[in-house]
Amino acid sequence: MKEQQFALAAIRGSYRHFSEKEKKIADYVLNDPKNIIHLTINQIADELGLAESTIFRFCQRIGFKGFQAFKISLAAEVVAPLKDIHEKIEEGDSISAVTEKVFRSNIKTLEDTLQIVDTEAMEQATEKLLKARKIDFYGNGGSAMVAMDGYHKFVRLGLHVSMNLDSHMQLMAASQLQSDDVAIVISHSGSTTDVLDVLRVLKEKGVTIICVTNFAKSPLSKESDIALYTISEETDFRSEALSSRIAQLSLIDALYTNLMIIRGNEGKKALQDMREAMSYKRL
């Protein structure tokens, strides 16, 4: 994965998944980011009463090779800060204000996620999907709707695609996959029981796993062959899982569009055949 470009967004997006020590570091950075760029890792460790290795691992967890890379990114962000279009929704807000804030929150989620899109990972995912014997989508809860949307798009490509909403059926489907198949697993947290159960079966079968998850080290991202990340922030009236949904959909859209372009005439024919079949549903 490429180096993260927005340190503060990465911290905010992963905050709820941090350990107590990591939250201590995160709070220290968020409270005074300008001060951090003038400190050494040793000074920060002394200030917080933590080991230097803890600071170093924190930087790696949010997407940097080390402390120095983290400081460079933070410096660029602090010196030339982006306009923060994200405003928290308040109880007294009008319907119009809430509507606008929801839209702006979605826009910010897309912009933050775009900044951490790993081009190399997207290329690898596209290549694996093109060569796959079969493509299976997996997701539960809100992520199931994203998985269903992915299936709805990918089936237009003329590829062998499937998706199940029931968690038991997901395990059954995963058990029938082979090493030349690809599973796209979508989970914001990447750590729910249903997801980990499916992950275990997919690993046993040697299936290539592409995950779409939040920008935080989770069991899913660690065990996947290719990880595509989203970043979103939580508010009092809206969890980051809701905000991340639109970023998840956009990553799936990007994969679909790249595949359609690469497949060329094959993709166009499959799409045309589907349009002709669906024409019977129109009056």
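Since the model is a prediction, treat every value here as computed from it, not as a measurement. In what follows, residues are counted from 1 in the order of the sequence shown. Keep in mind that the numbers below use all heavy atoms, side chains included, and drop hydrogens, waters and symmetry copies.
- Identified under the salt bridge (Lys or Arg N to Asp or Glu O under 4.0 Å) test for residues 187-196, with sequence neighbours left out: none.
- A donor-acceptor distance shorter than 3.5 angstrom exists from the side chain of S279 to the backbone of E276, with no hydrogens or angles considered.
- Under the side chain to side chain contact (heavy atoms under 4.5 Å, CB included) criterion, T40 pairs with N42, Q43, not counting sequence neighbours.
- The backbone N or O of S191 lies less than 3.5 Å from a partner atom in the side chain of S189, making a donor-acceptor pair.
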Taking distance alone, no hydrogens or angles, what donor-acceptor pairs closer than 3.5 Å link side-chain atoms of residues 158-169 to residues at least two apart or in another chain?
unit_1: S162; atom_1: OG; unit_2: D136; atom_2: OD1; d: 2.1
unit_1: D166; atom_1: OD2; unit_2: H168; atom_2: N; d: 2.9
unit_1: D166; atom_1: OD2; unit_2: M169; atom_2: N; d: 3.0

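- In this structure, F67 and F70 have tilted ring planes: the angle between them lies in the 30° to 60° band.
- Residue V185 comes nearest to L202 through the heavy atom pair CG2-CD1, 3.9 Å, listed as atom of the first residue, atom of the second, then distance.
- Contact check for I186 versus Y138: no side-chain heavy atoms found under the 4.5 Å cut-off.
- The backbone N or O of H188 sits less than 3.5 Å from a side-chain atom of T213, completing a donor-acceptor pair.
- Without hydrogens or angle criteria, D225 side chain to I209 main chain gives a donor-acceptor distance under 3.5 Å.
- In this structure, the side chain of S224 engages the main chain of L220 through a donor-acceptor pair within 3.5 Å.
- The shortest distance between side-chain heavy atoms of F18 and I25 does not fall below 4.5 Å.
- Under the rule for a side chain to side chain donor-acceptor pair (under 3.5 Å), the partners of E127 that lie at least two apart in sequence or sit in another chain are K131.
- Applying the salt bridge (Lys or Arg N to Asp or Glu O under 4.0 Å) test to pairs two or more places apart or on separate chains, none has a residue in residues 28-42.
- When ring centroids are compared, F137 and F154 come within the 6.0 Å threshold.
- Looking at residues two or more places apart in sequence or on another chain, you find a salt bridge (charged side-chain N to carboxylate O under 4.0 Å, His left out) between D181 and R133.
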